Amino acid sequence: MAWRAGAVTARHAGAAAAWPADQVRRDQQSAQAIASVVCLHASASSGRQWQALGRRLAGRYRVLSPDLYGAGDSPPWPAEREPTLADEVALLEPVFEAAGEPVHLVGHSYGGAVAARAALTYPGRFRSLVLIEPVLFGLLLAEDPGQRAAREVVAVCQHTRTAVELGALDSAARRFIDYWMGPGAWAGMPPHRRAAAARAMRAVSSEWSAIFAETTPLAAYASLDLPTLYVVGGKSPASTRAVARLLTRALPDVTTAELAEAGHMAPITHPDLVSAAIEAHIAQIT
């Protein structure tokens, strides 16, 4: 989904084309008869990362996979000020309206942080929540900014922002990709994917700002009294595993799924495992 000249386009996960606003509005009635699943993507990605899930749920659920600011078909964040997670939630309002009810909200990484912010912003609006390693690193700073998990992710953030300011997009992307996908991941990517990752670093720099501007206290997440599946990778970085440690204690109705062989980018590297976990979660609720 993207804002374009005051209009909204929305993509069904698994589909290649975007849908115009009038078609989204016409489809709202059918959304009342079938549960919707709104999926929010990670940094340096787009709504297309949910194609495997869209195919798996086709015919039983209506899967919407919008693009966040600066991704896919969405415009970059305007430069007047730094963005916030609340700004991303505001961009998604037409998608939530089009989705009807009930709505299951899924978010991965940066999209997970946006999903958590949306659930807090609209209490009672969502039927369930799936959080796949949300990058709510403000929780780590609030607990102890000197802990290793906090220090390592702050270092990656600082490198990204400095490299982007200097125009060294390849350097920013190399550090970013290797942190989230493991050492050597950048070198192993084909040239066209490295180029795409480098181009995404300007948006990623803005997303880092939104992540660390989010100061919602841990206690606030106790208000998210809806069935929540929290997915964490067994090979994920210390930072996201530390966030999982905090959030899974605070959320009142949470089930944790650890994918032992996966890392932070599990929806992309292990889409079948992640899709199966999401399917099982929403099937037992609807």
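Predicted, not measured: the structure shown is a model, and the values here were computed from it.
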Test item: [X] and [Y] side chains (from C-beta on) under 4.5 Å apart, heavy atoms:
X: F137; Y: E214; result: no
X: T84; Y: W77; result: no
X: L57; Y: V37; result: yes
X: V243; Y: L140; result: yes

Any ion pair linking [Y] and [X] (charged N to carboxylate O, less than 4.0 Å)?
X: R245; Y: E143; answer: yes
X: R125; Y: E101; answer: no
X: R161; Y: E82; answer: yes

Donor-acceptor pair, distance only, cut-off 3.5 Å: does the side chain of [X] make one with the backbone of [Y]?
X: T160; Y: V156; result: yes
X: S223; Y: A220; result: yes
X: S74; Y: D67; result: yes
X: T228; Y: L226; result: yes
X: R55; Y: W50; result: no

Over 60° means perpendicular and under 30° means parallel, so tell me whether F126 and Y122 are parallel, tilted or perpendicular.
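The arrangement is perpendicular - the two ring planes meet at more than 60°.
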Run the numbers on V38 and V106 for side-chain contact (heavy atoms from CB on, under 4.5 Å), then give the verdict.
CA-CA 6 Å; V38 175; V106 178; over 6 Å; no
Step by step, work out the side-chain contact (heavy atoms from CB on, under 4.5 Å) result for I132 and Y230.
CA-CA 6 Å; I132 306 171; Y230 200 111; over 6 Å; no
Quick check: closest heavy atoms across [X] and [Y], and the distance to 0.1 Å?
X: A44; Y: V204; result: N-CG2, 3.9 Å
X: C39; Y: V63; result: SG-CG1, 3.9 Å
X: P134; Y: G112; result: CB-C, 3.6 Å
X: P123; Y: L120; result: CD-O, 3.5 Å
X: A242; Y: Q147; result: CB-OE1, 4.4 Å
X: A172; Y: V164; result: CB-CG2, 4.2 Å

Between [X] and [Y], do the side chains contain an N or O donor and an N or O acceptor separated by less than 3.5 Å?
X: R117; Y: T216; answer: yes
X: Y110; Y: S45; answer: no
X: H281; Y: S128; answer: yes
X: Y61; Y: E279; answer: no

When rounded to the nearest 0.5 angstrom, what is the spacing between [atom1] in [X] and [atom2] in [Y]?
X: E97; Y: L92; atom1: CD; atom2: CG; result: 12.0 Å
X: S239; Y: L136; atom1: OG; atom2: CG; result: 11.5 Å
X: R62; Y: S36; atom1: CZ; atom2: OG; result: 5.0 Å
X: L141; Y: F212; atom1: CG; atom2: CZ; result: 5.5 Å
X: F176; Y: L169; atom1: CZ; atom2: CG; result: 13.0 Å
X: S209; Y: D87; atom1: OG; atom2: CG; result: 11.5 Å

Test log, rule side chain to side chain donor-acceptor pair (under 3.5 Å), inputs S46 and H41
CA-CA 6 Å; S46 75; H41 63 83; over 6 Å; no
List the atom pairs, donor and acceptor, that lie under 3.5 Å between side-chain atoms in residues 266-277 and the rest of the protein, sequence neighbours left out.
{"residue": "T269", "atom": "OG1", "partner": "M265", "partner atom": "O", "Å": "3.2"}
{"residue": "S275", "atom": "OG", "partner": "P271", "partner atom": "O", "Å": "2.8"}

For residues 184-199, which side-chain donor-acceptor pairs fall under 3.5 Å, sequence neighbours excluded?
{"residue": "R194", "atom": "NH1", "partner": "M189", "partner atom": "O", "Å": "2.5"}

Tabulate below the donor-acceptor pairs under 3.5 Å that side-chain atoms of residues 246-264 make, not counting sequence neighbours, or state none.
{"residue": "T248", "atom": "OG1", "partner": "A244", "partner atom": "O", "Å": "2.6"}
{"residue": "E261", "atom": "OE1", "partner": "K235", "partner atom": "NZ", "Å": "3.3"}
{"residue": "H264", "atom": "ND1", "partner": "E133", "partner atom": "OE1", "Å": "2.6"}
{"residue": "H264", "atom": "NE2", "partner": "S109", "partner atom": "OG", "Å": "2.7"}

Intermediate values then yes/no, side-chain contact (heavy atoms from CB on, under 4.5 Å), H104 and I285
CA-CA 10 Å; H104 301 273; I285 296 167; 4.1 Å; yes
Worked check of side chain to side chain donor-acceptor pair (under 3.5 Å) between Y69 and E207:
CA-CA 9 Å; Y69 273 114; E207 290 166 357; over 6 Å; no
Just wondering, are more than 12 heavy atoms of other shown residues or ligands nearer than 6.0 Å to CZ in R175?
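Count over threshold, so yes.
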Hydrophobic cluster identity match, L229 and V232, side-chain contacts under 4.5 Å:
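Result: no, two separate clusters.
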Show your reasoning for whether side-chain contact (heavy atoms from CB on, under 4.5 Å) applies to H108 and L40.
CA-CA 6 Å; H108 168 222; L40 308 182; over 6 Å; no
